Amino acid sequence: MKKTTVRPLYIIIPAVLIVLLIAAVFLEKRGVRLSPIPADTIGNTAGNLRGEGKFCEYDGKVYFSNPYDNGTLYVMNPDGSEMEKLLNSSISYINAGGNYLFYYLESRSGGSGLGYIRATTGIYRATLKGKESSCLDSDMATMMVLVGDTIYCQHYDNTDFSTLHKIPAAGSDEEIELSEDIVETASVQNGTIYYSGVTQDHFLHAWNTQNDTTSIIWEGNTSYPTVIGNNLYYMDVDNNYHLCRYNLAEGDLVELTDERLDFYNIYENVIFYQTNGASPALKRMNIDGSNQEIVMEGTYHRINTTSAYTYFQPFDDDSVIYRTSTFGPVAVDNFPEAQEAALQYQND
């Protein structure tokens with residue numbers, strides 16, 4: 001009779017885990033079949049991405065990073081109702097397109113399984129329900145935007161520092177480096193990424209995502225450009241970072257503020273902006289520069305706008321977030337719905 005050898009469990013279990021881990025890495029890096037993402041998709045607004053993409057409004061919902069729950073991913077209606085936690089991970093640079101969310105995972109705050117053993121940072125894709133999370137790139141990124149079915153990101157590592165990369169939304173074994181220049185992937189219109197030069201000039205550049213070529217559009221001294229139609233909004237480096245509007249078709253230049261700015265965010269016909277001076281404040285004005293008013297005195301960043309509210313955080317305090325109506329009268333609160341939801345999930 002043939003003798004059967006029974007291997008101890010302490011040998012079998014680690015071997016199985018190793019095989020599963022290798023399989024998981026292989027499957028995550030391979031491209032998968034996704035439901036279509038429309039070609040005209042832009043994953044988030046320029047202003048929100050400059051505010052680290054903490055909020056993203058898409059298809060009647062707002063996806064956001066909740067600072068009252070370690071920056072984990074939540075979803076709600078624009079008015080703050082029907083709030084639900086989707087992921088137990090700290091995230092930023094939220095983009096949405098088709099049936100998917102794309103985001104930069106900063107860290108995991110808990111959980112179990114192979115997905116939690118592995119990388120704690122990287123660019124991820126999940127369904128709109130936060131399911132089927134998959135890593136597209138485990139390296140660091142300082143900004144990312146979804147254009148059609150492709151992620152364009154400012155990739156960062158300790159060797160090449162910041163370089164422009166693109167990653168298919170479906171995932172791929174091969175990530176493509178496009179440029180060694182610093183390309184801010186924020187302002188997108190008609191498949192073109194508009195950005196200010198950094199290494200050689202501050203001109204307005206345009207990256208064509210159809211053929212991945214770049215060109216200079218206007219030789220102004222620009223910072224944080226946002227192109228809407230024929231109008232370029234930017235902070236004028238030559239004019240103490242005042243906010244200006246330049247018509248690319250007609251050549252008309254209008255100065256919208258007489259104060260130095262740190263950040264700004266445009267949503268339809270209003271602009272929220274942070275001033276830098278003796279009395280700094282977050283302010284709001286109409287898109288033509290009229291009706292300037294103080295939202296809240298002090299220094300704030302991560303200005304994110306939605307159709308109902310505009311959100312912002314103190315520059316030196318990540319534990320709190322404020323909001324006011326985007327279009328209605330200024331009335332600031334500390335986003336109590338997010339506080340209550342975080343407390344509820346922590347108690348469950």
Side-chain angles (χ1 to χ4, degrees), residues 44-57 62-76 78-80 83 85-95 103-107 109 121 141-145 184 186 223-224 226 235 241 243 259-267 270-277 279-285 293-328 330-343 345-346:
N44 205 339
T45 66
N48 285 2
L49 292 174
R50 292 190 179 113
E52 299 181 22
K54 296 294 186 177
F55 288 75
C56 178
E57 186 166 4
V62 174
Y63 301 87
F64 72 100
S65 169
N66 190 344
Y68 299 118
D69 192 5
N70 299 312
T72 55
L73 179 64
Y74 281 62
V75 63
M76 63 180 176
D79 64 1
M83 193 170 293
K85 185 172 182 175
L86 297 182
L87 288 174
N88 199 32
S89 304
S90 300
I91 57 96
S92 58
Y93 297 113
I94 306 167
N95 284 253
Y103 53 90
Y104 180 71
L105 189 147
E106 298 175 349
S107 67
S109 56
T121 61
T142 56
M143 184 174 286
M144 54 180 274
V145 65
E184 186 202 43
S223 178
Y224 291 159
T226 302
M235 290 157 50
Y241 292 88
L243 185 63
E259 298 175 279
R260 181 185 176 97
L261 269 60
D262 285 332
F263 310 101
Y264 73 96
N265 195 336
I266 301 175
Y267 192 92
V270 297
I271 303 176
F272 286 82
Y273 59 103
Q274 173 66 45
T275 64
N276 180 328
S279 301
L282 179 69
K283 296 185 176 182
R284 180 180 68 180
M285 65 180 175
E293 56 185 333
I294 293 176
V295 174
M296 198 168 182
E297 295 181 347
T299 303
Y300 304 94
H301 68 155
R302 294 175 181 154
I303 305 168
N304 279 247
T305 60
T306 70
S307 59
Y309 290 100
T310 292
Y311 303 84
F312 54 98
Q313 290 186 271
F315 195 77
D316 57 354
D317 186 358
D318 292 341
S319 66
V320 66
I321 189 167
Y322 298 108
R323 69 176 181 182
T324 188
S325 171
T326 296
F327 300 107
V330 171
V332 177
D333 66 27
N334 59 356
F335 197 10
E337 295 93 336
Q339 286 182 302
E340 294 166 5
L343 183 61
Y345 279 105
Q346 289 164 7

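Just so we're clear, the structure is a prediction, and the values are computed from it rather than from any experiment. Count residues from 1 along the sequence. Only heavy atoms go into these numbers, but all of them, side chains included; no hydrogens, no water, no symmetry mates.
S319 pairs by the side-chain hydrogen bond (donor to acceptor under 3.5 Å, both in side chains) definition with D317, not counting sequence neighbours. Partners of E293 by salt bridge (Lys or Arg N to Asp or Glu O under 4.0 Å), not counting sequence neighbours, listed by chain and number: R284. Qualifying salt bridge (Lys or Arg N to Asp or Glu O under 4.0 Å) partners for E337, counting only residues two or more places apart in sequence or in other chains: R323. Evaluation of the ring pair (Phe, Tyr, Trp, His ring centres under 6.0 Å) rule for Y104 yields no partner, not counting sequence neighbours. With sequence neighbours left out, the side-chain contact (heavy atoms from CB on, under 4.5 Å) criterion links T305 to N48, N265, Y267, F272, T310. Applying the side-chain hydrogen bond (donor to acceptor under 3.5 Å, both in side chains) test to T226 and every residue at least two apart in sequence or in another chain returns R50, Y264. Applying the side-chain contact (heavy atoms from CB on, under 4.5 Å) test to E340 and every residue at least two apart in sequence or in another chain returns P336. Residues forming a side-chain hydrogen bond (donor to acceptor under 3.5 Å, both in side chains) with D318 (at least two apart in sequence, or on another chain): R302. Residues passing the side-chain hydrogen bond (donor to acceptor under 3.5 Å, both in side chains) test with T324, sequence neighbours excluded: none. In terms of the side-chain contact (heavy atoms from CB on, under 4.5 Å) criterion, residue partners of S223 (sequence neighbours excluded) are, by chain and number, M235, V237, Y241. Listed by chain and residue number, F64, Y311 satisfy the ring pair (Phe, Tyr, Trp, His ring centres under 6.0 Å) test with F55 (two or more places apart in sequence, or in another chain). For the ring pair (Phe, Tyr, Trp, His ring centres under 6.0 Å) test, no residue two or more places apart in sequence or in another chain qualifies with F263.
Residues S92 and E52 bring no donor and acceptor atom of their side chains to less than 3.5 Å of each other. Side-chain atoms of N95 and N44 include no donor-acceptor pair closer than 3.5 Å. Between E57 and S307, the side chains place a donor N or O and an acceptor N or O closer than 3.5 Å (distance only, hydrogens not considered).
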(request) Go through the steps to decide whether Y74 and Y345 satisfy the test ring-ring contact (aromatic ring centres under 6.0 Å, His included), and finish with yes or no. (result) CA-CA 11 Å; Y74 281 62; Y345 279 105; 5.7 Å; yes

